[in-house]
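So that the names make sense, note that chain A is the first sequence line, chain B the second, and so on, each numbered from 1.
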Number of protein chains: 2
Amino acid sequence: MNNFEWGPTLRVGPAKAHKTLTEETLARLRRDIVSGAFEAGQKVKSEDLKKRYQVGTSPIREALFQLVSEGLVRSDGQRGFRVAELRQEELLDITDWRARLECEALRRAIATGDMEWEARAVAAFHRLKRVEGQSGLDPTEAADLWEDHHRAFHFALYSACGSPWLLRFCELLIQHGERYRRAYITYPRISSSIAAEHQAIMDAAMARDAEKAADLLETHIRHAADLALAHATGRPGPGASPAKARRASGPKSEREPTQEAARKPRTRQRNA
Amino acid sequence: MNNFEWGPTLRVGPAKAHKTLTEETLARLRRDIVSGAFEAGQKVKSEDLKKRYQVGTSPIREALFQLVSEGLVRSDGQRGFRVAELRQEELLDITDWRARLECEALRRAIATGDMEWEARAVAAFHRLKRVEGQSGLDPTEAADLWEDHHRAFHFALYSACGSPWLLRFCELLIQHGERYRRAYITYPRISSSIAAEHQAIMDAAMARDAEKAADLLETHIRHAADLALAHATGRPGPGASPAKARRASGPKSEREPTQEAARKPRTRQRNA
DNA sequence: TTCCGACGGAATTTCGAAAATTTGACACTC
DNA sequence: GAGTGTCAAATTTTCGAAATTCCGTCGGAA
C-alpha cells in the first residue's frame, strides 16, 4: 500500500513517464500558485496562461479544474477562474489539521515503517541538507528548490503510514500551508532553527520514538505558522499583495471587474 | 465561515445558478460512478461519455480531471481514464477516517452550532424521513434519491463544525464510502435499523450531547461498513463486478487491453 | 437624477477536427 | 515457437475557431 499515487504533486524523483501536456501544465501552474507567482484572489485569464505556458486551451482548463478540486483555484460560474484567497482564518484551520494529521501519519509510520521507509527518509533528509548548504543560486530558484525538498522530506516521513487517505490529506494540507508560508515570508529565510527542528524530528523518528517525534513535529508545524502569522499581521493583510508576484506575465490591461459588481439575474437561454 | 463551497457535490437545494456544461457533466458523471453505473476499474472512453451525456470533448475531460483529483477516477498516462478500483483495504481506511473525522465534525458542530444549524439539520432529517416513506418509485431512482438526502443529512449535521477543511475531507470520504456501500449492497435495503440510528443521532445532536452523538455516529458508520464488507466477502470479491452496472452504455466492443500488456518503452518524439 | 434595457467588446465555454500516441495484428527472421 | 519490427486502426490529446455569456456603457424614459 506504499506506492500510493494521486497527483504527481510530491514526486521529486524521475517522475512518471509519458507525461501529457496537461499534466505538465498542471504541475507548473500549481507550483506557480503555491510559490506566489500569482496573487491571491487574482483573476486568471486563460489567454494569459496560454501565452505563459505556451499551450492551447484544453491543457489550461483541464489543469485549472484539477486545481479547483485541490482548493488552490476557484471557479466562478461562467466568469472564469481566480486564485484562491488567503485568509488568516484558513491558515489557522490548515495548521490545526496539519498538526493533527501529520503527527498521526508520523506516528503510524514510526510504528510500522520498515527499512525501506528509513532509507527514503534518510535520503530525503540528506538531499534537504545539501540543498540548504548550496549557495550562489538565483533566490527564486533557491526557494523553489528548497521547498521541493522540504515537502519531499516531510512526505517521506509519512510515506509509511499505511493510510492512502491520510497521505492524501497531508499532501493537500502541506501544499496549502506552503502557500501561506511563502506568501507571508520573504526568502531567503531558511533559519538554522528550522534546520535544527528537522534534525530533531529525523533523529526521533529513526530512534522510533513516536511520541517525541510527533511532539517535535507539532511544534515545527505551529512554529512555521506562527512565523507566517506574525509577518502577516505586520503587513497590509491577507489578500493584499503578499510576496512579489514574480514572473508575472506581461503588463496586460487586467481589467478587474468592480469587486462586488451588482449581480442582478439576467434572462438566460440555455440551462433554463 | 459557513458558506463554504468546494464542489457542488453535496448541495441538494436550488444549486448555483449559471451552471456550465462542465459542471453539469461533472455532477452527472460523479453520481454515475458513485452509484455504480460504471464498474470499478473499467476503462472510460471519452467517445462513450460524449454519447452518453451528449456533450463535446472538453466538458468530459474537464469533469474527468476533477474526478481524478477526488480519487474517483484514475488517469493513465496517455492511455485515457479508468474508474478507480474498489479494494477492501481501502474501505477499511475510508471507514476509519470517516469515524474519526465525521465524529470530530459532529462534536464541533454540536459545540458551536447555532439555531440556523439546528434548522438545517431538522429540515434535512425531515426530508430524509419523507423520502424513506415514499413508495412506488423506480428502484434506481429511489436509491439515488435516498442517497442524496442521506448525504445531505450527514452533511447538514457537520455543516456548523467551523472548519472548511474538515468539511471538505468529510465530503470526500462520504462520497467514497457511499460508493463502496452501493457497490456491495443491492437496493432497496433501507433497513429500519438505519433509520433508527439516524433518529438517535439526531436526537442526541439536538440535545447537545456531543459524546453520545459522536458515539452513535461512529457506530452508524462502522455498521454500514461492516454490512458492506459482509456482502463483499460473500461475493466474487472487490473489483469483480459488484452491483449491476445499470444504465451502462450500449453494447460496445469494449476492447479491454490485456491487463498488464508488456510495456516496453518506445521511441518518442515529444517530451523527450 | 435614477432606473431600465439594449448594444458591443471582451472573456469564457464548447465543439469538431487535426496531431500524436497507444495497441493489437501480421509478417519475418532466428 | 519465440522474438522482433512494421503497419493500420482505435483512442487520446491538443488546438483553434465558433457559440455563448458576461460586463460596462450609452441612450431614453419616468
Query raised in the report: Given atom CD of Q42(B) and atom P of dT11(D), what is their separation to the nearest angstrom?
Result: 14 Å
Query raised in the report: Whole-Å distance between dA10(D) P and E47(B) CD?
Result: 12 Å
Query raised in the report: Taking H149(B) for the side chain and L145(B) for the main chain, is one N or O donor matched with an acceptor at less than 3.5 Å?
Result: yes
**Report entry** Distance in Å, E171(A) CD paired with R168(A) CZ, rounded so as to fall on 0.5 Å steps
**Finding:** 5.0 Å
Requested in this report: Could you walk me through whether K43(B) and D76(B) pass the salt bridge (Lys or Arg N to Asp or Glu O under 4.0 Å) test, one step at a time?
Outcome: CA-CA 10 Å; K43(B) 190 158 181 3; D76(B) 269 357; over 6 Å; no
Requested in this report: For this output row, return yes or no: ring centroids of F65(B) and F65(A) closer than 6.0 angstrom.
Outcome: no
Report summary line: Of dT12(D), dT13(C), dT14(D), the nucleotide closest to the side chain of R61(A) is dT13(C)
Query raised in the report: Is T22(A) near enough to dT14(D) that one of its side-chain N or O atoms lies under 4.0 angstrom from OP1 or OP2?
Result: yes
Requested in this report: Check whether any side-chain heavy atom of I60(A) lies under 4.5 Å from a side-chain heavy atom of T25(A), and answer yes or no.
Outcome: yes
Report task. Assess whether one donor atom and one acceptor atom, taken from the side chain of T57(B) and the base of dC15(C), lie less than 3.5 Å apart. Result -> no
Query raised in the report: Taking NZ from K19(A) and P from dT13(D), how many angstroms apart are they, rounded to a whole number?
Result: 15 Å
Query raised in the report: How does DNA chain C read in dot-bracket, base by base from 5' to 3', with Watson-Crick or G-U pairs under 3.5 Å and | used when the partner is on another strand?
Result: ||||||||||||||||||||||||||||||
Query raised in the report: Separation of K50(B) atom NZ from dC15(C) atom P, in whole Å?
Result: 9 Å
Report summary line: Taken to the nearest 0.5 Å, the spacing of E147(A) CD from Q175(A) CD works out to 10.5 Å
